[in-house]
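Numbering of ligands and ligand atoms starts at 1, following listing order.
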Amino acid sequence: MNILIVGGGGREHAIAWRLAQDSCGPTLFCAPGNAGTAALAQNLPISAEDVPELLAWAKEHRPDLTVVGPEVALCLGLTDAFNAAGLRVFGPCLAAARMEGSKLFSKEIMAAAGVPTARSASFDDAAAAVAALDGFALPVVIKADGLAAGKGVIIAQTRAEAADAVRSMLVDAVFGAAGAQVLIEEFLEGEEASILALVDGERAVILPSSQDHKRIFDGDQGPNTGGMGAYSPAPVVTPALLPVIMDTVILPVVRELKRRGIVYKGVLYAGLMIGPRGLNVLEFNARFGDPETEAVLPRIAGDLIPALQACIDGTLRDDLIQVRPGAAATVIMAAGGYPGAYTKGTPIYGLDEAAKVPDSMVFHAGTALKDGQVVTAGGRVLAVTALGADLKTAVGRAYEAVAKIRFEGAQHRTDIASRAFNR
Ligand code: AMP
Ligand code: GLY
């Protein structure tokens, strides 16, 4: 079985690593991949966002399955284009991927489906949006409608800051067309968690819960990043909450989409806020989370490919996913300067030593091979992951592996999973 994995980050390395263990022994291709996927897959020099080139390769090589990591290709209609060519894709079609591609659409679906979420209002006119700010308490959240590479959400502490954010999107068009409409949203208190659900158009299976660490520094300080670490399970998602999430979040969305003629197949990622006001959805994504995937997929036992196939075929069943007991933790090692400007091409040492730490996996996020040497090639460089019988063991092993790895300017958070320990 030949599988094409689209993407080149830690998530895609984790997907490749997990699929490589399936009993069918698949042959993997990764576009574009990184130095980590190169050990498991044939890397293809095609951008994860270049749908025409990906389609041309797939038409020629006819992979049995394509698994899409990042959102951009999904929101450009990769699935629709591949399906039209008779190619099977794990990942939603364009209309369904709008759950991530348009925050307005996602809010509309949530409202129609009765999914709990923060109160919000949408605007395409800056003056009207600024006037509406008076109707919201501080802090207030300003969101660009479309995809903005994780930068389109601003939590404003003052009305002046909120007005600036509105104008930067609607007048200065800092996010281009993605910011042509904005949402003003009430700020919710609480603890965040990520739920990844496999969906087959009708049914869903919830994968182990997880929590991301979005800020660059310990104690959730400093600017937002693509994610500095993750762990699974997230104790804030109690066992009692799982059926509630299924029945009030995941299934209502899938059904409301279906009612509109949109069949959602793939991963539906719900970003949740759990706090004084109960359970609320902050956002949906149309794909596996990064770095959540690096912590979640190692916890799946047995085969994964049959579950992905069942999503495409509309034959998903609970027993297709088996979860290993215990926990997993992922520590991101990032380049110096990230999430601001950083250099690339810095040699990375100690990967072989790190690989010897029991039950650890060093997923590559932004790496490349240069004359046989693994070098940095992105802001988030490595997603150092470990499994353990409990979260403390998993976190300890992950940091043991981190301690073996060196590259100039390397930075990582030292408090991954602390929210779980401080409960
Ligand atoms: P999103 O891309 O919508 O998940 O937003 C990115 C981050 O902004 C989230 O992970 C939260 O940390 C924060 N955020 C978004 N919406 C809200 C909200 N309504 N209240 C509090 N924090 C929020
Ligand atoms: N970890 C957040 C995301 O994947 O969007």
Side-chain angles (χ1 to χ4, degrees), residues 7 9-12 14-15 68-72 74-75 97 99-107 110 115-122 136-157 162 165 175 178-179 182-196 207 209-216 220-232 234 236 266-297 330 332 339 365 379-380 383 416 419:
R11 165 182 50 206
E12 289 74 27
I15 291 171
V68 185
E71 63 277 14
V72 173
L74 295 170
C75 292
M99 285 303 293
E100 173 163 5
S102 167
K103 292 193 192 290
L104 266 61
F105 177 74
S106 156
K107 280 284 186 188
M110 283 193 259
V115 174
T117 186
R119 179 174 68 90
S120 68
S122 65
F136 288 84
L138 292 171
V140 61
V141 186
I142 312 295
K143 298 185 173 185
D145 174 47
L147 295 184
K151 299 194 175 73
V153 175
I154 288 161
I155 297 175
Q157 302 297 335
F175 300 121
V182 301
L183 277 178
I184 301 177
E185 186 171 287
E186 65 177 337
F187 179 83
L188 294 176
E189 308 270 358
E191 185 171 345
E192 286 182 58
S194 303
I195 288 292
L196 312 177
L207 299 180
S209 65
S210 57
Q211 190 174 73
D212 185 5
H213 297 59
K214 292 205 161 91
R215 307 293 198 96
I216 184 76
D220 294 328
Q221 302 295 310
N224 263 324
T225 69
M228 290 300 289
Y231 64 96
S232 171
V236 67
V267 174
L268 182 61
Y269 164 138
L272 305 176
M273 184 67 91
I274 300 162
R277 292 190 23 204
L279 172 75
N280 278 282
V281 174
L282 292 181
E283 63 159 349
F284 284 103
N285 292 322
R287 50 167 176 85
F288 285 111
D290 195 350
E292 290 94 326
T293 301
E294 291 92 307
V296 169
L297 285 191
T330 297
I332 296 290
R380 290 189 293 173
I416 297 307
R419 275 176 182 273

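Below 4.0 Å from some heavy atom of Lys103 lie the following atoms of ligand 1, by number and element: 2 (O), 3 (O). Counting the atoms of ligand 1 from 1 in the order shown, those under 4.0 Å from a heavy atom of Lys143 are 3 (O), 15 (C), 16 (N). Numbered from 1 in the order shown, with element, the atoms of ligand 1 that lie under 4.0 Å from a heavy atom of Phe187 read 20 (N), 21 (C), 22 (N).
What you find for Leu138 and Ala156 is that their closest heavy atoms are CD2-O, 4.2 Å. The two residues Gly229 and Ile416 make their nearest non-hydrogen contact at CA-CD1, 3.7 Å.
Remark: side-chain polar atoms of Glu100 are not paired, donor with acceptor, to backbone N or O of Ala97 under 3.5 angstrom. No donor-acceptor pair under 3.5 Å is formed between the side chain of Arg287 and the backbone N or O of Pro70.
Applying the side-chain hydrogen bond (donor to acceptor under 3.5 Å, both in side chains) rule to Glu292 yields the partners Ser194, Tyr269; only residues at least two apart in sequence or on another chain are considered. Under the salt bridge (Lys or Arg N to Asp or Glu O under 4.0 Å) criterion, Arg277 pairs with Glu186, sequence neighbours left out.
Closest to atom 2 (O) of ligand 1 among all protein heavy atoms lies Glu283 OE1, 3.1 Å.
Note that OG1 of Thr117 and CE of Met110 are 4.0 Å apart. Values are rounded to the nearest 0.5 Å. Note that the CD atom of Glu192 and the CD atom of Gln211 stand 7.5 Å from one another [nearest 0.5 Å]. In this structure, NE2 in His213 is found 11.0 Å from CD1 in Ile332, a value given to the nearest 0.5 Å.
Which of Leu282, Val153, Val281 comes nearest to atom 18 (C) of ligand 1 through a heavy atom is settled by distance: it is Leu282. Looking at Lys214, Glu192, Glu185, Arg215 and measuring to atom 11 (C) of ligand 1, the nearest heavy atom belongs to Glu192.
Contacts classified as salt bridge (Lys or Arg N to Asp or Glu O under 4.0 Å) and involving residues 139-152 (residues at least two apart or in different chains) are given here: Lys143-Glu185.
A heavy-atom cutoff of 4.0 Å around ligand 2 is satisfied by the protein residues Asp212, Tyr269, Asn285, Arg287, Gly289, Asp290, Pro291, Glu292.
Here's the thing with Asn224: none of its N/O atoms is less than 3.5 angstrom from an N/O atom of ligand 1. Considering backbone and side-chain atoms together, Val141 places no N or O closer than 3.5 Å to any N or O of ligand 1.
For the pair Glu189 and ligand 1, no heavy-atom separation below 4.0 Å is found.
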